[in-house]
Amino acid sequence: MDLNSLNAPQRDAVMRTEGPVLILAGAGSGKTRVLTTRIGYLIDEKKVLPANILAITFTNKAANEMRERVEETVESSTKDMWINTFHSCCVKILRRDINKIGYNRSFVIYDATDQATLVKDCMKELDISDKLFDVKGVISQISSAKDKLISPRRFKEQYRSDVRMDKVADIYTLYQDRLKRNSALDFDDLIVKTIELFRKNEDVLKYYRNKFRYIMVDEYQDTSHAQYEFVRLLACEHQNICVVGDDDQSIYGWRGADIKNILEFEKDYENVHIVKLEQNYRSTQVILDAANHIISNNTERKSKKLWSDKEGGKLVKICQLDNEIDEGDFVCSKIDELVRKEKRSLNDFAVLYRANAQARAIEDALNRAMISYNIYGGTKFYERKEIKDLIAYLRVIVNPQDDISVKRIINVPARGIGLKTIEKMEDRASLKQESIYSVLLDAEDNSDLSTRAKAKVNGFIDIMSILRSSAEVYSVSELIDYTMKLTGYLKDLEDNRDKNEKLSNGKYDEYQDRIDNLKELISIALEFENSEEIEGEKNLQTFLENVALSSDADGEESESRVSLMTMHTSKGLEFPVVFIVGMEENLFPISRAVKSMSDTAIEEERRLCYVAITRAEEELFITNVRNRTLYGKRNVAIQSRFIEELPENSIETIGVVDEGLSYSRATYNVLDKYTKKYKKSMNMDFLSKNVKATKIEGNKEGSDLTLKDSVKAGSKIYHSKFGKGTVVARNGNDLTVAFANKGIKRLNIEYTVFEVLSI
DNA sequence: TCGGCACAAATTTTT
DNA sequence: TTTGTGCCGA
């Protein structure tokens with residue numbers, strides 16, 4: 001085990017294996033390395049069995065990465081070691097023993113959408129208008145109660161005098177009841193029920209306490225009270241608990257993360273050994289100065305100061321633009337410039353913003369500039385309607401008690417079972433204290449239903465019965481394929497697609513898109529079946545569990561692209577060049593935080609700013625605009641206070657002097673029209689550099705795109721960042737182009753050329 | 001039962 | 001501006 005490459009505090013953190021340890025790990029201080037080395041040290045040097053180690057992270061990505069890196073360090077197999085997210089760890093525990101607290105072991109996991117549906121149902125049942133009670137608000141109150149381990153009963157007692165909260169308490173109570181009846185747990189329950197299991201079953205707790213002799217928790221600043229309690233229950237006896245976190249990077253307070261957990265770790269455990277990792281291996285000193293300076297405006301924090309041995313560095317550049325369109329163009333021109341002058345690859349860049357809505361303007365600009373990009377976030381694969389529908393079928397196959405899923409699919413595709421029928425079945429179900437599915441099963445004896453309705457219901461039940469028996473012999477992928485076909489779901493989409501085609505209304509067929517997504521689901525299932533990393537049996541239930549607990553279905557990113565994401569999403573990542581856009585009051589810090597007038601809210605925004613800044617390794621650009629159109633409304637914007645909080649000697653204000661902004665109005669409009677109109681109708685993203693498709697089908701103007709390979713001296717460039725021009729010479733990807741009003745310019749075909757013939 | 005239309009809401013989201 | 005939701009008429 002080589003510990004020499006570690007710095008002194010890092011080594012200390014690795015070798016201090018006994019007793020409670022708090023590692024305050026600043027951004028970029030190598031905490032993952034410390035954690036993985038520590039695990040390796042435990043196994044190789046301290047001869048701790050992998051089975052006695054528990055490492056908890058927040059994301060699957062982090063968990064996978066950690067396991068991979070531990071595997072690189074240690075000889076022995078890491079199979080027996082638990083490296084999990086909080087949630088998957090709890091699922092593993094619950095699958096074994098949840099029956100001890102009265103739940104069905106084949107429970108399903110409800111995601112946020114299912115949760116919302118169920119809450120709405122509960123409100124309806126209690127005759128609580130969703131006009132008076134904001135559903136979102138109710139959900140967050142329930143969720144926050146669960147995070148704090150407040151049971152429905154205690155919640156009710158606590159708010160006895162508050163009429164409004166009393167209603168919420170009723171919803172909470174009914175909601176929990178329904179979850180149980182559906183054999184379902186929501187994300188919060190996974191933690192809460194595990195704690196309940198531990199508290200009510202000493203032997204179970206004892207078993208895990210004894211098993212997990214060494215516990216490590218990553219991103220400790222993001223733990224909720226419930227997660228804190230889960231860890232405490234396991235660790236309080238042997239006290240070999242090592243938590244890693246950075247209070248300055250706590251940006252999920254609104255999701256129940258309790259910053260007190262890290263600030264008060266010393267009070268919760270005795271003789272805590274504290275290690276501060278302050279040496280940053282990621283960024284230049286200039287960038288760190290900026291970050292340190294910003295964060296020093298916060299009061300509630302453990303003092304720490306990042307430093308780097310990478311002295312100096314380029315100054316942080318601040319640029320003010322007129323509006324978000326210019327802002328996007330600015331970003332593009334800088335990217336273009338750095339790609340050309342400094343031979344940067346597109347992978348080197350990230351554009352970070354506060355709200356997803358900002359992405360559009362950036363995207364449009366990148367499209368116009370023909371720079372390929374990846375957007376992170378947005379609608380997730382598993383949240384797409386068609387995927388959720390298919391998953392709902394699978395869930396009902398596993399667990400027919402799941403009313404929410406039954407209701408989702410009973411009339412999808414349309415089979416003539418309307419709202420009235422469903423309502424009747426629901427009423428009957430709640431009267432008989434049974435699941436909807438079981439009521440459907442004996443529709444024949446149901447006098448509420450017309451003959452017609454009975455027939456329809458029986459049709460559905462027949463399909464489901466066939467599927468349920470098929471599940472016993474089919475693999476997951478086969479079952480998905482079969483479900484798509486048997487239920488007519490696929491045919492429904494195909495019919496719609498064909499109908500659309502006939503109308504040829506120019507719209508890209510979203511139906512084909514959905515069909516593709518379903519095919520993607522099948523290949524995910526195939527991957528699952530062939531994967532060696534999946535824990536447990538490879539049955540349908542395990543598959544659903546994997547689906548429920550993972551958000552990122554996207555895989556390979558071979559091509560070099562600029563990354564676009566929110567600042568929240570960027571946590572844990574790093575990029576040589578970072579753009580932080582939209583640095584304006586009421587956007588960042590976000591208006592709610594400004595209006596709330598609470599320091600807590602602003603401080604969290606500031607931490608977010610700290611996170612964003614520390615993503616940058618070498619260069620950082622910060623932009624703000626004077627006029628921002630957001631949600632279709634134009635607003636005059638004021639520069640963010642965070643800009644004023646930057647240290648003067650680390651920054652430099654720059655004006656726009658870049659040629660890249662000089663699109664002619666006409667070019668601009670055409671490009672914009674093109675990108676919007678045809679992007680989707682091509683079989684590939686034609687703006688990405690691997691342009692394969694050259695013809696635009698159904699193009700009313702009758703124009704063609706030309707393969708980049710065919711561009712040579714004499715070719716006409718109809719659209720580029722400089723407008724129209726003629727190619728004078730070509731040398732590989734470098735073009736020399738003559739422009740009517742700009743003279744001779746150099747363009748790189750990979751990024752800047754967009755040739756359109758006969759427009 | 002379904003499509004169309006008016007109306008409202010729109011931070012951030014690891015699981 | 002975009003997206004979702006609820007209500008109404010065919």
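Please read these numbers as outputs of a predicted model, since none were measured by experiment.
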Which part of the nucleic acid, if any, lies within reach of [X] when heavy atoms closer than 4.0 Å are counted: base, sugar-phosphate only, or nothing?
X: A:Ile417; value: sugar-phosphate
X: A:Ala593; value: nothing
X: A:Thr569; value: sugar-phosphate
X: A:Asp111; value: nothing
X: A:Ile590; value: base
X: A:Gln358; value: nothing
X: A:Ile109; value: nothing
X: A:Asp188; value: nothing
X: A:Gly416; value: sugar-phosphate

Exercise for the section: Check whether the aromatic ring of A:Tyr252 stacks on the base of B:dT12, taking stacking as ring centres less than 5.5 Å apart and planes within 30° of each other. Expected result: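 Ring-base stacking flag not set for A:Tyr252 and B:dT12.
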Handout entry: Residue from A:Leu179, A:Asp189, A:Asp186 passing side-chain contact (heavy atoms from CB on, under 4.5 Å) with A:Gln115
Key =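 Exactly one candidate clears the test, A:Asp186.
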Handout entry: Short side-chain to backbone donor-acceptor contact, A:Asn261 and A:Ser224, under 3.5 Å
Key =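 Side chain of A:Asn261 to backbone of A:Ser224, a donor-acceptor pair under 3.5 Å: yes, one is there.
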Under 4.0 Å between a Lys/Arg side-chain N and an Asp/Glu carboxylate O for [X] and [Y]?
X: A:Lys491; Y: A:Glu494; result: no
X: A:Arg607; Y: A:Glu604; result: yes
X: A:Asp111; Y: A:Lys380; result: no

Between [X] and [N], does any side-chain N or O lie under 4.0 Å from OP1 or OP2?
X: A:Thr566; N: B:dT13; result: yes
X: A:Asn586; N: B:dT11; result: no
X: A:Tyr631; N: B:dT11; result: yes
X: A:Asn356; N: C:dT2; result: no

Exercise for the section: Decide if atom NZ of A:Lys454 counts as having more than 12 heavy atoms of other residues, nucleotides or ligands within a radius under 6.0 Å. Expected result: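 Correct, the count exceeds 12.
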Practice task
Assess whether atom CD1 of A:Ile638 is packed by more than 12 heavy atoms of other residues, nucleotides or ligands within 6.0 Å.
Solution key: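 Counting other residues, nucleotides and ligands, CD1 of A:Ile638 stays at 12 neighbours or fewer.
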Can you tell me the distance, in whole Å, between the [atom1] atom of [X] and the [atom2] atom of [N]?
X: A:His568; N: B:dT13; atom1: NE2; atom2: C1'; result: 8 Å
X: A:Leu94; N: B:dT15; atom1: CG; atom2: P; result: 18 Å
X: A:Phe107; N: B:dT15; atom1: CZ; atom2: C1'; result: 13 Å
X: A:Asp495; N: B:dC2; atom1: CG; atom2: P; result: 14 Å
X: A:Arg354; N: B:dT11; atom1: CZ; atom2: C1'; result: 5 Å
X: A:Tyr353; N: B:dT12; atom1: OH; atom2: P; result: 10 Å
X: A:Ile602; N: B:dT11; atom1: CD1; atom2: P; result: 16 Å
X: A:Asn635; N: B:dT11; atom1: CG; atom2: P; result: 13 Å

Problem - Aromatic A:Phe107 / basic A:Arg95 pairing, under 6.0 angstrom, 45° off normal - result: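 Positive - A:Arg95 is close enough to the ring of A:Phe107 and near enough to its axis.
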Handout entry: A:Ala414, nearest nucleotide to its side chain (from B:dT15, B:dT11, B:dC2)
Key =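 Selected nucleotide: B:dC2.
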Handout entry: Aromatic plane relationship, A:Phe187 with A:His87 - under 30° parallel, 30 to 60° tilted, over 60° perpendicular
Key =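 Perpendicular.
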Between the protein and nucleotides 3-5 of chain B, list the N/O to N/O atom pairs that are separated by less than 3.5 angstrom.
none

Problem - Residue whose nearest DNA chain B nucleotide is more 5′ - A:Gly377 or A:Arg452 - result: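 Final value for this comparison: A:Arg452.
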